[in-house]
Number of protein chains: 4
Amino acid sequence: MGKKRGQKYEQIINAAVKVIAENGYHQSQVSKIAKEAGVADGTIYLYFKNKEDILISLFEEKMGTFVQFSQEKLASKTSVEEKLLLLIKLHLTQLEADYNLAIVTQLELRQSNLALRTRINEVLKGYLGLIDSILVEGIETGFFPESIDRRIARQVIFGSIDEVVTNWVMKDHRYKLKPLAEPLHKMLLNGLKQE
Amino acid sequence: MGKKRGQKYEQIINAAVKVIAENGYHQSQVSKIAKEAGVADGTIYLYFKNKEDILISLFEEKMGTFVQFSQEKLASKTSVEEKLLLLIKLHLTQLEADYNLAIVTQLELRQSNLALRTRINEVLKGYLGLIDSILVEGIETGFFPESIDRRIARQVIFGSIDEVVTNWVMKDHRYKLKPLAEPLHKMLLNGLKQE
Amino acid sequence: MGKKRGQKYEQIINAAVKVIAENGYHQSQVSKIAKEAGVADGTIYLYFKNKEDILISLFEEKMGTFVQFSQEKLASKTSVEEKLLLLIKLHLTQLEADYNLAIVTQLELRQSNLALRTRINEVLKGYLGLIDSILVEGIETGFFPESIDRRIARQVIFGSIDEVVTNWVMKDHRYKLKPLAEPLHKMLLNGLKQE
Amino acid sequence: MGKKRGQKYEQIINAAVKVIAENGYHQSQVSKIAKEAGVADGTIYLYFKNKEDILISLFEEKMGTFVQFSQEKLASKTSVEEKLLLLIKLHLTQLEADYNLAIVTQLELRQSNLALRTRINEVLKGYLGLIDSILVEGIETGFFPESIDRRIARQVIFGSIDEVVTNWVMKDHRYKLKPLAEPLHKMLLNGLKQE
DNA sequence: GATGAATGAGTATTCATTCAT
DNA sequence: TATGAATGAATACTCATTCAT
């Protein structure tokens, strides 16, 4: 198989996001995705190993782009404080800008089975790495106390942002997401700074 | 249907937790649950409307018990600080004591479709109410600043605890969960107190 | 089993007619009939061997009464011509007076399987006997030609009346059935008389 | 769906006639029909919406062919008398030549629910139209009296032929059906001609 | 006689995947 | 590469019937 990046590959990924967001994971048959992508059912299997592979590839593709983009942006910030704020803003902004993608990542992707969940976590590591590097830098520069439990800190940061986004999706994105970055940032930062 | 609490009802709920934890939701055929519960397949349908109803009832049952139990325990604590710590401890302790239940609530329950998710959220409201009452009390007593955004605070608290538990489950409960209560509590409390 | 004629027996028969007419054969569960009859599900089995037995008993009961009643009435007529007219009128009148019964005999009873159909035909023999005796008398008195094929004649008479009633039922009994007796009688009589 | 006339479509229809005739409608599982047709279970659903659709399509197919064939044959006859005789003969001949089909149309098809019965009646209209056109022509040419009730006449003709065939099927086709055409024709014709 | 909780056999249908063209 | 017709495994749910009370 291998990652055949081609026009059709992108077409199918994007069709999958749209179809899954609109119909839900269990109502998104391969044939429906194929139709939306404008290809034959069988063509899907020239680019993806199976249906699960569409899902995981979709997540890899979107998440990979996001992590790389975030990494570059973060490099421009010098303080740990600013870096954390930027990361939160980027996270909220990306999903606010693509509601379909938000539905897929926050709700539908989690309907997959354990095996798939494990692979998704693998992809997530890139993102969690970003969080971790901020934490490491914060500790090294003395901004965060040495005694901090990095694993818990990472889970608090990710869990909080994730929960904020999920609530926004479940509430049909009826409010703005980006403005929540500042208060969320303040809360997380304070929680981490103190000892 | 109606909630027919009876011996068989409990039997089926507990069989479902075990079977779903061991096999995953999609590999937990009704017949498998019935066999584990020691009843006939058809008997399931005397107590539950359909397979989904087992899942939601299971959550209602367990979560309802937990919320009520927590509420009573919390009444014995006077300070907001202690209450938050106790809530976190109760949360972690309950799931650490029943790994099967933890698997179901953290992983399998989320594989359900949107309609079911909405009903699950309905049940969750009881728990979120507990968090909220602590926040309200904290603000009223001046322990938390007035300017705090209660919605975000609630999401940070729940999202953090939930993420901590999920990670513990995904890591095959290879470490102790309860000891994480203290550092988690400190982090959340500091995050909320400052302004 | 044996035909236990009792109050409950009648209750169940009449409940069955009502339930089947209103819900159709396949939507008439034993529990629904029991409820309509005001008895427990299990009680049904004290009076009937199984579900099919309700159907066949229902038909025996209603058809038996009808045949006996018709037989008595026919005895008062002297000419074959009048007898045939009376039989047709009785047939149409009985079913016009009980639309639910008509639905059951013309439509729902025929949804039963072959085995049941055979038993129903057994019951029908009483009615076909009435037709046959008129034919025999007609031939003996020279009213009908000797050359007539009695079997075909019987099938023509029964088939015609039956089709007329079925059409009336399928057309939601939107017109009067009894007035069709005269023209139907004339047609059948002429068809039989000539040679 | 649409009427995909293809080799497989025919195969399935013919397999259905055979299987249903031999096992009865309720004992004719889709898998049994598929096996007889030499296709996979799922293939059935590429050609038919559901199991009921096989039944109705089967009837449409066979009845449609029969009506068209009859219409062409009838055009060659000039007198109303001959036309009626031919129609009866064609009807009896077709079903005598295909006993399985006769079982299905006379017995099994009638085990369907009301909704299906309504659709079947729709298909029957073509055949009833043939009868009606003979009646109209007979009245116009003065062969039948003007006073005749066409609806009743049609029901008498159809009901008689249908009953004759049903009896033949129920009697396990132990006698010849075609010879009954002449006496049946004579009876119906006389019934209609007189006033 | 009467009840109704419990039983468990039985089947239409979907849809991811393949492969001949 | 691309197609799409064909495949066939897999399962929730109903309901007639029983039998302990």
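This one's a predicted model, so the numbers in the text were calculated from it and none came from an experiment.
Checked against F/dG4, E/dT7, F/dT1, the side chain of B/Ala40 finds its nearest nucleotide in E/dT7. Proximity note for B/Leu46 (side chain, C-beta onward) versus E/dA6, F/dA5, E/dG8: the nearest is E/dA6.
The side chain of A/Lys8 places no N or O atom within less than 4.0 Å of a non-bridging phosphate oxygen (OP1 or OP2) of F/dT1.
A straight line from CG of B/Asn23 to C1' of F/dT11 spans 15 Å, rounded to a whole angstrom. In this structure, A/Tyr47 places its OH atom 20 Å from C1' of E/dA16, rounding to the nearest Å. Atom P of nucleotide F/dT11 and atom NZ of B/Lys32 are separated by 8 Å, given to the nearest angstrom. To the nearest angstrom, P of E/dG1 lies 10 Å from CD1 of C/Ile12. Atom CD in A/Gln11 sits roughly 13 Å away from atom P in F/dT1 (whole-Å rounding). As a whole-Å value, the separation of D/Phe48 CZ from E/dT14 C1' is 18 Å. Between C/Tyr9 atom OH and E/dG1 atom P there is a gap of 13 Å when expressed in whole angstrom units. One can place NZ of D/Lys35 at 12 Å from P of F/dA9, the figure rounded to the nearest angstrom.
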Quiz item: Taking protein heavy atoms under 4.0 Å as touching, what does nucleotides 15-21 of chain F look like 5' to 3' if B marks base contact, S marks sugar-phosphate-only contact and - marks none?
Solution: SSBB---
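Looking at B/Arg110, its side chain never comes within 3.5 Å of a backbone N or O of A/Gln111 through a donor-acceptor pair. Judged by distance alone, the side chain of A/Lys32 and the main-chain N or O of A/Gln27 form a donor-acceptor pair under 3.5 Å. Judged by distance alone, the side chain of B/Asn121 and the main-chain N or O of B/Leu124 form no donor-acceptor pair under 3.5 Å.
Between D/Gln106 atom CD and D/Tyr99 atom OH the span is 11.0 Å, to the nearest 0.5 Å. In this structure, the separation between CD on A/Glu52 and CD1 on A/Ile54 is 10.5 Å, given to the nearest 0.5 Å.
Base pairing in DNA chain F yields stems of at least 3 consecutive Watson-Crick or G-U pairs, both distances under 3.5 Å, namely E:2-21 with F:2-21.
No more than 12 heavy atoms of other residues, nucleotides or ligands lie within 6.0 Å of CD in D/Gln68, so this atom counts as exposed by the packing criterion. Under a cut-off of 6.0 angstrom, the local environment of CD in B/Glu22 is crowded, with over 12 non-hydrogen atoms contributed by other residues, nucleotides or ligands.
For the salt bridge (charged side-chain N to carboxylate O under 4.0 Å, His left out) condition, the pairs that include at least one residue of residues 34-45 of chain B, sequence neighbours left out, are B/Lys18-B/Glu36.
Salt-bridge check for A/Arg119 with A/Glu122: failed, with every basic side-chain N at 4.0 Å or more from each acidic carboxylate O.
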